[in-house]
Every structure is written in structure tokens, then in C-alpha cells.
Amino acid sequence: MHHQAEDSGPGGYAAARLRLLNEKARSGPPRRSALAGLTDAWLAGLFAAGAPGARGVSLVAVGGYGRAELSPRSDLDLLLLHDGNHPETVSKLADRLWYPVWDLGLDLDHSVRTPAEARRTAGEDLKVQLGLLDARHIAGDLGLTTALRTTVLADWRNQAPKRLPALRELCEERAARQGELQYLLEPDLKEARGGLRDATALRAVAASWLADAPREGLAEARGRLLAVRDALHLATGRATDRLALQEQDQVAAELGLLDADVLLRQVYEAARVVAYAGDVTWREVGRVLRSRSVRPRLRAMLGGGKPAPERSPLAEGVVEQDGEVVLARAARPDRDPVLPLRAAAAAAQAGLPLNLHAVRRMAAGARALPSPWPAEARQQLLTLLGSGRPTVDVWEALEAEGLISLLLPDWDRVRCRPQRNAVHLWTVDRHLVETAVRASAFTRRVGRPDLLLIAALLHDIGKGRPGDHSVAGEVIARDVAARIGFDADDVTVIATLVRHHLLLVETATRRDLDDPATVRSVAEAVGSLGTLELLHALTEADALATGPAAWSSWRASLVAELVKRVAAVLAGQAPPDPEEAAPTAQHERLALGAVATGAPVLSLRAQTEPPAEPSDDPEPLGVELLIAVPDQAGVLPAVAGVLAMHRLTVRTAELRSLHLPDGVDGSVLLLDWRVAAEYGSLPQAARLRADLVRALDGSLDVSGRLAERDAAYPRRRGVVAPPPRVTVAPAASRHATVIEVRAQDAPGLLFRIGRALEDTAVRVRSAHVSTLGANAVDVFYVTQEQGVPLPGEEAVAVARKLEEALRV
């Protein structure tokens, strides 16, 4: 027999739910609680129909539903609580509750337990315990629900000293697995560090009465994350917490935001508040638990009450107390504008956290520093930046209370700014702090460590402005460096470092280092040996702070070689002309072999040269592949195609004509390439040579073989890559025209470029291949048949043809 309430229930509920979700006027907390209220009424109707007048059984919402926070596609977390007296009735009731929920396609997390079972499960499973802390009565025996709530809360408070360390461990494991919400390009709003689960954990800590989270801004931050999750559910129609790239514009539009960048900045700001509140709260939990572990008898012997905590001075107005840095009793934040920097520097040097209340006191009384800053303020900032890893947490504590923005007003533009580039691990502001941390390890390598640290902090400060961030950053860096109190010469050096912070790595990986014009142009930009030394250290710190894909022993060796050559020019030596360089004995031997056989001759050997400095980088410098080929058309695409077939990645590729000894007829091309095996071991030299011979005589269909392989292993369709761009670099060389190709990296890319260049009838003198993440920047030095640079219009036409060929 069907009951009226149940008949009208599901259909009526589904329609009302849909109406509510489509109501644009109602969003945020009102919609979440309205959705919970609507669901409560429906479930209460189902309960009443299935168990009219039932005693000893109740329906309880737990977890997010217990908090009445239902996102559009949230699962329903329900507990059917009973006193154990009517198992059959309870079993039938469960069916009449769960099946209608499943019929509507809603996710359901359900359990049927007595209070004793619920209590026991909570004792064994921390996640169950956390869910029950938010238990809320929906229908049935109210006394049963209330008694369970009271018992669960009492258990949680009694067991807090044991359970809270376990909860902290759970949060740390999750953070290690999911990463930090405030930096991820495709974050999980719930699971990542600083997300909704961490906010729930902080509620649980507060419920233990052992410690409380700093409340300022926490509810707003949590509300912001919930609003983004609501919009994500509505945009995707799925119960997802991952904010995928392809959905960010739609979610931003749903929330009435300008674009995906504004959305990510808001998510990052919220996550930062939650993560920082977590740090402070867990520190306080640790402190309370440590103080409780002092034996009560010992405390009685010491005089009954709590012993006064020891305070040891660290700096003027700054003391250490209980493992944290606090203000001395006599400190006057309103009269001592350098105090925040002094306290921060002392904390970073001691490797201790800044106490939350101390930071708040300083923020409340803080005044802007005069311009230029007093010498002590500059010194304290440099001490803070030079402290290494502890700098990060101390900087975040100042940032959380607005002190960084007060000290450096330009910081606001880069704060929480996303970097839409998979190579970058961090937001712009966190990357700048990380660069300073990395640079602090290089302060012994340079004559002016102070200029290195400030340049590290400011090198990407222009990223919040339109146009080239290096150009915009130079203007800001000049202003900031002068305000901090550096003299005119030092300001110029800092501005030069910011303007040219990408110069060394881009030149080393994309230009011909044997070309005197390359070395001279860097020397002119840098201007002095002291600046070159600083720029070298900044380049490495910046790359290490970007992420693992941005630096390797191979890149380090190329940059070191460029620095060596630029230093020689700055010291007054002229760079050698490669046209006059004599071939080595090995080059000559290979060339004579190629003339004698009329076919390619090659040599393959691993580079055993150690990196300039010890490094954890497992990547070797690569394998040197030397090939001598009788001069003919099609050499670049033939070699690139054969290497792609053998799954070899090309790092650098140089081609040049060799001067043969007198009396030897013919012309030979020498290819000096650096390669690495994509998967494991290298192919045999004889196999490579045999395939190269066939590629050159046309009997090996390289493009067909590569197309077959692409068809057999289709690449996953991810984000659509921007189209390739081909440009002519102005005045980069006296000997050749320099063509720069920027494209999505893919197997066989160099082969396709080589074939397209061959079709335009230019000669390739050298190629410089550089890959960062999924982006390839390949540079080709090309000439006419006679070996001279291309006229301007012809160079542009070649670039255009090459771009068209790559877009196909």
C-alpha cells in the first residue's frame, strides 16, 4: 500500500529542486540552506510514510548535509539511528528512504546504526567521527539524535589529546597527495591544502575546546570556496570538486566575475586564509598538548599554577617564547616602524614561526616607513630574504595581516596572481619569495649578495602590468630600490637585472654561442662583470624556483658557457670567429670518411663531463652525435626524421660546412648534435647510419613512418595549444638570418620544420632547440645558397611559409 506523502514526494521534490537551482536571484548560503531545507522536508515525508509514529528510530544528516550546506550536486550523507529493538521495521524503513534518493540519481552516503555502534565506529574511524560532529536531526525520535550528539561531542572532547594529532596527520597526508590549493592551476576545492576539508578540520579543532582557529576572514574564505563549488556543479552538471581549466571561464561567468584569472585569484586568496589559519591552529594545538604533558605533580611542586613561560631576547623588542617569536613587553609597534621587519628577520634567522597575536599587534600599529627607508630597515629586509627556507612561512605570516603590502605597495598587483603555464609551480608572489630563497644559497658566489636578493624578490614584479613584464618590472624595480634606500648606481644594477633576467637562459638555449654577435649583444646589455656575475646567479635561482622542468645540468652548462664567453668580452678579449676555427682531428677524420665512402659517417658517445656544480639532477648532459655527410639537399629533415623514428630527443643541433684539407675534393656538412633517449637506452650507431642512408636516398619514407606511429599512439586531447608562431630576430647575427619558431612540442617537430625550410631553398647553418614543458622554441640560423644572410623581405617570406607549413 502506497502512502500519499511518498507518492507526491520524489516528483514534487525533483521539480522544486530544479526550480530552486535555476533561480538566479538566490545563490550562495541562502540557496545552500534552502536546498537543505527542501531536502529535509522531502526526507521527513518519506520517513513519516515509512514509519508512522515510530519511536526509537530517527533520521540524521551528517557531514556537509548536517551543516545544511548542500551544493547543487552534493551527495546526501545520512544516518538512520535506531535503538536496536525493531530490526525488521528499520530495515524496511531504510529501503523506503534510500531507493527514492537513488531513483533521482543523487549520490548517497548512508549507514544504519544504534547509538552504541555509531559511537564505536566513530572511535575507530576519524572520518566518521568528523561527520558526526555536524549531526543534525531530520525526522523521528529527537531524543535519540540529541543523546548521540551529546555523547559524540563529549567523546571528542575527552579523546582530543589522542585524536587531534591523528587528524593533523590526516590533513598533512592529504596535502602531500593533493598539493596546495593556493598554487594549483586545476585545484581540487575540497581535498587540496587550504580547501574545504581543511576548513572542516578547523571546525573540529574548535569543537574539541582545546584550541581555536583565528576566526577573522575564515568564514568568508570558506563561503567563497563553497560558492565556487556551487558554480562548478551548475556549470558541469556533475558532483565534482576539481576546477578544470576548460570549465574555469564558465564558472567565472556563473559567479559574475570578469574571467578565469579573477576566479583563480579569489580561490587562491580564500585558500591562503584557510591554510594560514590551519598553520596557526595546529601550532596552538601542539603547544597546549605539550604544556598538558608536564606532570601534574611536578606542576604542584613548582607552585600550583602554570609556570611562567621562559622568554629569551632575539632582537630589540622581539623575544622567543614557547617556540614562537613574540613582541617584548616594552615593544611599541606604533613608535617603531622597523619592528615588523626586525621581528620577521629574527624569526627567519631563528627558524621559528611568528606568533599570530604579535603580527596582529604590529599590523594594528604599523606605519609606512619613510622614503628612503632607514638603513636598519633595509638591512632587516635583506636578513629576512637571505634566511633560506624559513623565509617562506615568516613572509606568509606578514602577508596574512597586510604588512607586506604596507612595506611594498607594488606587491598587491602580483599577490595570488596565477601563472597559466604548466612549467610554473607557484603564483607570481610565491615564485618571487621562492626565488629569493634559492638566491640565498648563492650569496657566497657574488660580490653583492644584497643586490642579488632584492633583484630575486623583484624580477617578476611587472607581471601585474600590461606589456612585457621585464620592461614594466624595470620601472617598478627602480622605484622600489630607490625607496628601500639604494644609491643611484645600485638602483641601476637592480633595474638591469630585472630587465634582463631572462637574457642568459634564452640566449644560451636559442642562439649560436659561436657567433660573435650573440656574445657581444649580451655583453652590451649587461655592461659589467659584477652585473654578469649577479645575473648568472639570478638566472639559476629563477629557474630553480620555477619548477623542475625549467632547469637541468644541460641548461646550466649552456648558460655557464655563455657567461664564460661574455666575461671574456667584458674583460677586453674579442670573441673568436667560427669561420676561422680549424676542425678538430675527430671532425676531420669523420669528414674524410664521408668523402671516401660518399655516404654519412657518424659517431655516438655519451657526455661524461661533470656539471659545473654538484647537483641532484639525474639528467646527464646528453649524448653527442657527430655526423659527417657529403654536402647535399635534405640533410636536416633526414637526420631529424631518423632521430624522431628512434625516439631520440634533440637538445641542440648544429650544422656547418667543413673546410677539407688541401688536395681533397668535395664538400662535407658536419652535424654536431646533442640527443637524449626518450625511453631508456640508445639505438646502435650502425642502425642509425643505415636508416640515415635510406632517408637521404629516398628509400625510407620517414614522414609515413612517423604518421603511422602517431596514428597508433594518439596523444591525449588536453587543452588546445595556441597556434605556432615564426618570427625573424632582428640583427641577431652578421653571418646569417635568425628565424625563431615557437610551437607545441611534439615528436617529429624538428623533422617537419627541416622539411619546410628545405622547401624554401635556404641553407641551415645551425639550429638551437629548446623545450620548456610543452612549449618548444627552436631557432635556426639560415643563409642563401652563397652563404650570406637573406634580404629582409625574403626572410619574412620564409618565416611566413614555415608558419603556414606548421599550422597544417
For this session: Please report the closest heavy-atom contact between Ala455 and Leu497, naming both atoms and the distance.
Result: CB-CD1, 3.7 Å
For this session: Sort out for me which residue in Asn355, Leu356, Val285 forms a side-chain contact (heavy atoms from CB on, under 4.5 Å) with Val280.
Result: Leu356
Exercise. Taking the side chain from Trp156 and the backbone from Ala204, do they hold a donor-acceptor pair closer than 3.5 Å?
Worked result: yes
Problem set entry | Thr443 side chain vs Ala439 backbone, donor-acceptor pair below 3.5 Å | no
Exercise. His233 side chain to Thr240 main-chain N or O, any donor-acceptor pair under 3.5 Å?
Worked result: yes
Problem set entry | Gap separating the CZ atom of Arg203 from the CG atom of Leu218, nearest 0.5 angstrom | 10.0 Å
For this session: Please report the closest heavy-atom contact between Ala377 and Val338, naming both atoms and the distance.
Result: CA-CG1, 3.8 Å
Exercise. Can you find a pair of side-chain heavy atoms, one from Val480 and one from Ile461, that are under 4.5 Å apart?
Worked result: no
Exercise. What do the steps show when you test Phe486 against Leu451 for side-chain contact (heavy atoms from CB on, under 4.5 Å), and what is the final call?
Worked result: CA-CA 9 Å; Phe486 286 100; Leu451 302 186; 3.8 Å; yes
Exercise. Would you call Glu173 and Arg177 a salt bridge, using N to O less than 4.0 angstrom?
Worked result: no
Exercise. How close do Ala192 and Leu184 get, heavy atom to heavy atom, and via which atoms?
Worked result: CB-CD1, 4.2 Å
For this session: Could you tell me whether Asp450 and Arg378 have a side-chain N and a carboxylate O separated by less than 4.0 Å?
Result: no
For this session: Could you check His459 against Leu432 for side-chain contact (heavy atoms from CB on, under 4.5 Å), going step by step and ending with a plain yes or no?
Result: CA-CA 7 Å; His459 74 277; Leu432 292 175; 3.5 Å; yes
Exercise. Does any N or O in the side chain of Asp241 come within less than 3.5 Å of the main-chain N or O of Leu189, such that one atom is a donor and the other an acceptor?
Worked result: no
Seminar exercise, completed: Rounded to the nearest 0.5 angstrom, the CG-CH2 distance for Leu164 and Trp282 is 5.0 Å
Exercise. Which of these passes salt bridge (charged side-chain N to carboxylate O under 4.0 Å, His left out) with Glu540: Arg555, Arg438, Arg445?
Worked result: Arg445
Exercise. Less than 4.5 Å apart, any side-chain heavy atom of Thr391 and any of Ser440?
Worked result: no
Exercise. How about Glu169: does its CD atom have over 12 heavy atoms from other parts shown lying under 6.0 Å from it?
Worked result: no
Exercise. Considering only heavy atoms from C-beta outward, does the side chain of Thr539 approach that of Leu503 to under 4.5 Å?
Worked result: no
Exercise. Between Leu453 and Leu385, what is the shortest heavy-atom contact and its length?
Worked result: CD2-O, 3.8 Å
Exercise. At what distance, to the nearest 0.5 angstrom, does CZ of Arg73 lie from CG of Asp107?
Worked result: 7.5 Å
Problem set entry | Gap between atom CD of Gln159 and atom CZ of Arg157 - 0.5 Å precision | 12.5 Å
Exercise. Of the options Arg242, Gln178, Arg197, which is the one that meets Glu191 in a side-chain hydrogen bond (donor to acceptor under 3.5 Å, both in side chains)?
Worked result: Arg197
Problem set entry | Whether Glu186 side chain and Leu245 backbone form a donor-acceptor pair below 3.5 Å | yes
Exercise. Distance-only, no hydrogens or angles: does the Asp460 side chain make a donor-acceptor pair with backbone N or O of Lys463 under 3.5 Å?
Worked result: no
Exercise. Taking all atoms of both residues into account, what is the closest heavy-atom pair of Leu314 and Ala346, and its distance?
Worked result: CB-CB, 4.1 Å
For this session: Please check if the side chain of Glu401 supplies one atom and the backbone of Met362 the other of a donor-acceptor pair under 3.5 Å.
Result: no
Exercise. Is Arg465 salt-bridged to Asp410, going by a charged N under 4.0 Å from an acidic O?
Worked result: yes
Exercise. Considering only heavy atoms from C-beta outward, does the side chain of Leu381 approach that of Leu407 to under 4.5 Å?
Worked result: no
Problem set entry | Ser470 side-chain N/O to His500 backbone N/O, donor-acceptor pair under 3.5 Å | no
For this session: Determine the minimum heavy-atom distance between Leu384 and Leu398, stating which atoms define it.
Result: CD2-CD1, 4.4 Å
For this session: For side-chain contact (heavy atoms from CB on, under 4.5 Å), just list the numbers for Val325 and Val394, CA-CA rounded to whole Å, side-chain angles, deciding distance to a tenth of an Å, and then say yes or no.
Result: CA-CA 10 Å; Val325 171; Val394 173; over 6 Å; no
Problem set entry | Side chain to side chain, Asp198 and Leu181, heavy atoms closer than 4.5 Å | no
For this session: Check step by step if side-chain contact (heavy atoms from CB on, under 4.5 Å) holds for Leu538 and Thr435.
Result: CA-CA 8 Å; Leu538 175 61; Thr435 306; 4.3 Å; yes
Problem set entry | Result of checking Arg222, Arg32, Arg136 against Glu69 for salt bridge (charged side-chain N to carboxylate O under 4.0 Å, His left out) | Arg222
Exercise. Should Glu396 and Arg272 count as an ion pair when the cut-off is N to O under 4.0 Å?
Worked result: no
Exercise. Applying ring pair (Phe, Tyr, Trp, His ring centres under 6.0 Å), which residue pairs with at least one partner in residues 180-207 are found, sequence neighbours left out?
Worked result: Tyr183-Trp426
Exercise. Which value, rounded to the nearest 0.5 Å, describes the distance between Leu452 atom CG and Ile494 atom CD1?
Worked result: 10.5 Å
Exercise. Is the closest basic N to carboxylate O distance between Arg224 and Glu269 below 4.0 Å?
Worked result: no
Exercise. Could you state the interatomic distance from CG (Leu457) to CG (Asp429), rounded to the nearest 0.5 Å?
Worked result: 10.5 Å
For this session: Can you sort out the partners of Glu254 under side chain to side chain contact (heavy atoms under 4.5 Å, CB included), two or more places apart, ordered by chain and number?
Result: Lys24, Ala231, Leu234
Exercise. Tyr65 versus Val62: any side-chain heavy-atom pair under 4.5 Å?
Worked result: no
For this session: Check for a donor-acceptor pair, side chain of Gln250 on one end and backbone N or O of Ala235 on the other, with a separation under 3.5 Å.
Result: yes
Problem set entry | Check ion pair Asp279-Arg283 (N to O, under 4.0 angstrom) | no
Problem set entry | Validation row: Leu369, Ile484 side chains within 4.5 angstrom (heavy atoms) | no
For this session: Indicate yes or no: at least one non-hydrogen side-chain atom of His536 is less than 4.5 angstrom from one of Phe442.
Result: no
For this session: Return yes if some donor-acceptor pair links the side-chain N/O of His431 with the main-chain N/O of Ala545 below 3.5 Å, else return no.
Result: yes
Exercise. Does any pair with a residue in residues 242-261 pass ring pair (Phe, Tyr, Trp, His ring centres under 6.0 Å), and if so which ones, sequence neighbours excluded?
Worked result: none
